[in-house]
Student: 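I'd like to ask some things about the structure below.
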Amino acid sequence: MLTSLSIDQLRQITHGEVLGKNRTPQISQISIDSRQIIHPDQTLFVALRGAKADGAEFIPELMEQGIRMFLVHQDWKKVNVFQDQATFILVPDTRKALQQIASYQRGQFSKPVVGITGSNGKTIVKEWLGQVLGQSFTVAKSPKSYNSQVGVPLSIFGIQPYHQVAILEAGISRSGEMKSLESMIKPELGIFTTIGSAHEEGFSGLKDKIQEKLQLFQDTKLLIYCQDMVEIAKEIEASFPKDRLVAWSVSPGSDFTVSHKIIESKTRLFLVAHDLRAYTFLVPFTDKASVENVTHVIVAALTLGQDMPDIQEGLDHLKPIDMRLTLKPGINDSLIIDDTYNNDLAGLKVAMEFLSQQRPKRSKILILSDLLQQGLPEKIYSEVAELVKSYGIDQLIGVGQDIKRLEHFFPGKTHIYPSTEAFLQQLDPESFQNDLILITGARSFAFEKIVNRLQQRIHGTTLEINLNALTHNFNFYKRQIKPGTKVMVMVKAFAYGGGAAEIANHLQTLGADYLAVAFSDEGVALRKQGIRLPIMVLNPVEESFDLLREYNLEPVVFSPEFFKKLGLFARHHAIQIPIHLDLDTGMHRLGFEPKHLTELKKLISAYPELKIASLYTHLVGADEEVHHDFSIQQLDQFMEMKSQVEAVLVYKPLIHALNSAGIVRYPDYQMDMVRLGIGLYGVEVTGKYDASLKPVSTLKTTISQVKELPAGATVGYSRKGVLAQGGKIATLAIGYADGYDRRFSQGIGYVIIQGKKAPVIGNVCMDMVMVDVTPLPDVKAGEEAIIYGEQISLKELADRIGTIPYELLTNISTRVKRVYYLD
Ligand SMILES: *Cc1c(COP(=O)(O)O)cnc(C)c1O
């Protein structure tokens, strides 16, 4: 942080009330995450209330870690319990208070602040501008896409006194949000990147969306925008005086007139300023979006007074980058966190945090390059050393000249290499076994080579899981339910194909209350991978009773016979087993029917060893309006049945009925818990809230070969694909054995290559499929093809072959590599 603060200053900034033992230390760190504490004695913990949980629940644990200063909601009941041992600042809204502290800190920074907003491109423009300005200045910038109501304060706390310019990104999802971001960022220079024309939830229309975003710039001295984006230009020019605007355009008459020329794989940009000064730059890409983004960067750098050679030097190293933090399966059961585009401390913190959230492994290994960040190396590397210590890194591998400074911090466990090549030469991949390996380095160190050596190679098909989207969807459902209602997440069938261990682990950090799997084995696998949440097993079998006991799994009991068997087992071992009773109200799959209730009640009394953790039923048609009456009938019957069972219990079990569709359709029946399934994975089956969910998974493969074929050639088995006019096909590395359904054969399915549709030609083979790419001029082997994801929805694909998204998701073979990322 820029300046440390006393409790009294904090009280004034937040207009809060101070309670408890009043110590007078200075606060130099602010944390909202109980797992991220580095200097407990100087840290203020801000207890935020989110969809998942109330941060205040962690206070006892944090007191143990040594934290003594907390900012909490004024209605937090337990303040009396703790006020003898710590200091509390009480405010009506802790998020607002966090923002007030951020505004204060921002006010302490007298150097330029660049604020960036827009629908797309803002993160990339921020990263690139950071790299270009980094040639001449010490730059602070938001890590990753920390651009939200809580992300922006955290970004601001990352600004240090030695920084010479700060670049902050602002992202909003509904009207009314920009005002608070503006009050924190207060940019001197603004950049408006682009606006998406698609209708977005939370805005009434395009004009509304632009106007809302423009609020970020209400006090900026200069605002950069592209005059060729007609809607943006219109709103901006109507709202701001001309002397505060810096417009660029490909047509003459604006502040910077830009022309481009593509030279092989590069683009030459020629800019003429309104004073007729001319600038030429060469940038290492040719696609429209990248060229547009880089033009924003160049205009901003020129406006900030950077010299042309320094700008060019920065541009030389840019790449159209993948900035995602990705979790990948590594060799020998290791897990790799791939962060090969990271160049500063703020990014390193985010990656370390992600590391700390993963399942426990043998050891935590950090492979880190020099941080290409100007500033005081002593200070930066001692902060790195603190992070390495506080996140419990077991082994550090450093690459570069500067990082040598870390060596003396960790005698014995540190290995330093002068270059990536030197490290690769002596790298023995077999020395890694069941480890958690974070690989993070600046672009120029080419750490992707290290990732390549250490990752598990299966074949060209990968299923990418967007963990931010998963979080978004989880929170969407959390918002639909009452605060006290628990969430059980169905992770059966490999978490609907997404990979049970990683998804369960992420759900654990999100604050899910329960997990459910179909079979005992699935539960055992989760326990072995370190998942601690209670786990319900839908269909346990007698053979697995020992496993249930050993791995602390909670079986569903669905018949009197099964109840007796399990009861005897529990009695024999003198243990108590928590169980869940499935009450059949119309599904007619498993479950107690009304006629079983008398017997069930007797069994409950006869076997107190079985503790009824919950009573539930399952709706057969919650997704479809036509079944509304039947759903209500099921729910009514369930209420009746569960009351009868409850009457013989001296304790209260959890009562639940709703699946994903039920949560949105029958909010009055949430009761104690809901069972979230497909919705978490981004498919809203009722169709009502489709726009509110984000697609979670993208299935991708690669092109193995491209062939030109003459007129009349046939493609694939049984000669089902015919190219009457001749043309070009691409063979993809995915087939029905991977889960690419054979029903997509002969033009029923299509994939996306270079953003365009390529229909399936001929029959889908076991491990391959051919698609028609005749209209795409320069498709090459090695390029990627998207099977589904943002551009092809699962629902549409499922409809094409007469099935449901559930089947497509769960059909993906385990041989397809799953990778997880944060964007
Ligand atoms: C699979 C399952 C769910 C989840 O259903 P979705 O439609 O995926 O939300 C809920 N309850 C039970 C008993 C299930 O088997």
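Positions are given from 1, in the same order as the sequence printed here. Ligands are counted one by one from 1 in listed order, and the atoms in each one are counted from 1 as well.
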Student: Pick one of side chain, backbone, both or neither for how H656 approaches ligand 1, counting any non-hydrogen atom pair under 4.0 Å.
Tutor: neither

Student: Would you say the side-chain atoms of T686 and E684 include a donor-acceptor pair closer than 3.5 Å?
Tutor: yes

Student: Among L680, N473, I678, which one satisfies side chain to side chain contact (heavy atoms under 4.5 Å, CB included) with S660?
Tutor: I678

Student: Classify the ring geometry between H596 and F592 as parallel (under 30°), tilted (30 to 60°) or perpendicular (over 60°).
Tutor: perpendicular

Student: Run the numbers for me: atoms of ligand 1, each under 4.0 Å from some heavy atom of S660, listed by number.
Tutor: 6 (P), 9 (O)

Student: For the pair Y806 and Y496, name the ring-plane relationship: parallel under 30°, tilted 30 to 60°, perpendicular over 60°.
Tutor: tilted

Student: Assess the pair H472 and F476: is the distance between their ring centroids shorter than 6.0 Å?
Tutor: no

Student: Once you measure the plane-to-plane angle for F545 and F562, does it fall in the parallel (<30°), tilted (30-60°) or perpendicular (>60°) bin?
Tutor: perpendicular

Student: Tell me: protein heavy atom nearest atom 12 (C) of ligand 1, and distance?
Tutor: H618 CE1, 3.5 Å

Student: Side chains of E554 and Y514: any donor to acceptor distance under 3.5 Å?
Tutor: yes

Student: I'd like to check which ligand 1 atoms, numbered from 1 as shown, lie under 4.0 Å from a non-hydrogen atom of R675.
Tutor: 10 (C), 11 (N), 12 (C), 13 (C)

Student: Under 4.0 Å, counting heavy atoms only: does R589 come that close to any atom of ligand 1?
Tutor: yes

Student: Distance to 0.1 Å, residue and atom name: give those for the protein heavy atom nearest to atom 5 (O) of ligand 1.
Tutor: N659 CB, 3.5 Å

Student: Which is closest to atom 1 (C) of ligand 1 in terms of heavy atoms, K492, M490, M488?
Tutor: K492

Student: N/O of A661 under 3.5 Å from N/O of ligand 1, yes or no?
Tutor: no

Student: Only heavy atoms of Y496, strictly under 4.0 Å: list the atoms of ligand 1 that pass.
Tutor: 1 (C), 4 (C), 5 (O), 6 (P), 8 (O)

Student: In the protein, which heavy atom is nearest to atom 7 (O) of ligand 1, and how far is it?
Tutor: Y806 OH, 2.6 Å

Student: Under a plain distance cut-off of 3.5 Å, with no hydrogens placed, do T585 and Q634 share a side-chain donor-acceptor pair?
Tutor: yes

Student: If we only count N/O pairs under 3.5 Å, is L538 in contact with ligand 1?
Tutor: no

